[in-house]
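No hydrogens, no waters, no symmetry mates; every other heavy atom, side chains included, goes into these values.
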Amino acid sequence: MTIPPIPMRWEGDVMRPRSARLADKHFVVGMTYRLVEHQERSPATHNHYFAAINEAWQSLPDHLMAEYPSPEHLRKKMLIRAGYCDETTTVLGTKADALRVAAMARGLDEYAIVVVRENVVTVYRAQTQSYKGMDRKTFAESKEKVLDAIYALLGVPTPERAKKAA
């Protein structure tokens, strides 16, 4: 079980939890724990990211709409392509079995990328970018890589790509 971030207050000589009940639920009196600062990402950067994805999705050419029918499809598939995904590989007895498993996997997660090679099925599922699921640093990295991938898909030069092209 993962312990949720517990707000603490430094009182000069002791770090005191804001909720003793929550701390008692997850910690044992007398045990030593390592304290790590949890830096929240700003709602402004979070909102900017999702607005940029929505704007990019609205400018997708018609031939890409089947692959990316919503901004969420675009975001999650670009997360996968940028490497922010969980991968599951299954080896089946036959190619026919692999095709059946792939069809089932696509039905379970419409955002997943499912690849079949002979009798092997690999399912790539995007990692969550929720506030709780992804720390500030990883979110910033994934945001940059996803937006770069989207801009490359659209053929929009980013400052970094413009430098390389020059």
So CD1 of Ile53 and NE2 of His73: to nearest 0.5 Å the spacing works out to 13.5 Å
Donor-acceptor pairs under 3.5 angstrom involving side-chain atoms of residues 79-92: please list them, not counting sequence neighbours.
unit_1: Arg81; atom_1: NH1; unit_2: Tyr68; atom_2: OH; d: 2.7
unit_1: Arg81; atom_1: NH2; unit_2: Glu67; atom_2: OE2; d: 3.0
unit_1: Thr89; atom_1: OG1; unit_2: Thr122; atom_2: OG1; d: 3.4

Will you find, in the side chains of Gln129 and His46, an N or O donor that is under 3.5 Å from an N or O acceptor? no
For residues Tyr33 and Ile6: do they belong to one hydrophobic cluster (side chain heavy atoms under 4.5 Å, members Ile, Leu, Val, Met, Phe, Trp, Tyr)?
yes
CZ of Arg136 to CD of Glu141, rounded to nearest 0.5 Å, is 12.0 Å
- Message: Run Lys76 and Tyr124 through side-chain contact (heavy atoms from CB on, under 4.5 Å) and show every step you take.
- Response: CA-CA 10 Å; Lys76 288 193 174 192; Tyr124 301 91; over 6 Å; no
Minimal heavy-atom distance between Arg125 and Val123, with the atoms involved, is CG-CG1, 3.9 Å
Exercise. So do Leu35 and Met15 actually touch side chain to side chain, heavy atoms under 4.5 Å?
Worked result: yes
Worksheet entry | Asp97 and Val121: CA distance, side-chain angles, deciding distance, side-chain contact (heavy atoms from CB on, under 4.5 Å) verdict | CA-CA 9 Å; Asp97 290 341; Val121 178; over 6 Å; no
Could you please spell out the steps behind the ring pair (Phe, Tyr, Trp, His ring centres under 6.0 Å) verdict for Phe139 and Tyr49?
CA-CA 10 Å; Phe139 177 78; Tyr49 173 62; 5.4 Å; yes
Hits for salt bridge (Lys or Arg N to Asp or Glu O under 4.0 Å) against Lys143, two or more places apart or cross-chain, chain-then-number order -> none
I'd like to know if Val120 and Met104 are part of one continuous hydrophobic network [Ile/Leu/Val/Met/Phe/Trp/Tyr, side-chain heavy atoms within less than 4.5 Å].
no
Between Pro43 and Tyr131 the two heavy atoms that sit nearest each other are CA-OH, 3.3 Å
When every non-hydrogen atom of Ser59 is compared with those of Leu154, the smallest separation belongs to OG-CD1, 3.8 Å
task = Is it possible for you to say whether Leu153 and Ile113 belong to one hydrophobic cluster, with membership spreading through side-chain heavy-atom contacts below 4.5 Å?
result = no
How far apart are the C-alpha atoms of Val14 and Glu11, what are their side-chain angles, what is the distance that settles it, and do they pass the side-chain contact (heavy atoms from CB on, under 4.5 Å) test?
CA-CA 5 Å; Val14 66; Glu11 296 186 351; 4.1 Å; yes
For this session: Identify whether Phe27 and Met31 are in the same connected component of the hydrophobic contact network (ILVMFWY, side-chain heavy atoms under 4.5 Å).
Result: yes
A side-chain contact here means heavy atoms from C-beta on lying under 4.5 Å apart; do Arg18 and Arg9 qualify?
yes
*Under 3.5 Å, is there a donor-acceptor pair linking the side chains of Thr45 and His48?*
no
Verify, without hydrogens or angle tests, whether Arg106 (side chain) and Val114 (backbone) share a donor-acceptor contact under 3.5 angstrom. yes
Note to self: If hydrophobic clusters are built by linking Ile, Leu, Val, Met, Phe, Trp and Tyr wherever their side-chain heavy atoms come under 4.5 Å apart, do Leu147 and Leu60 end up in the same one?
What the structure shows: yes
- Taking the side chain as every heavy atom from C-beta outward, state whether Leu74 and Leu64 have any pair of such atoms under 4.5 Å apart. no
Go through the steps for Trp10 and Arg16 under the test side-chain contact (heavy atoms from CB on, under 4.5 Å), then give the verdict.
CA-CA 6 Å; Trp10 176 244; Arg16 188 169 314 280; over 6 Å; no
Asn119 and Lys95 have their tightest heavy-atom pair at CB-N, 4.0 Å
Heavy-atom nearest pair, Ala149 first then Met78, reads CB-SD, 3.6 Å
Smallest heavy-atom separation, Ser142 atom then Met134 atom, equals OG-SD, 3.4 Å
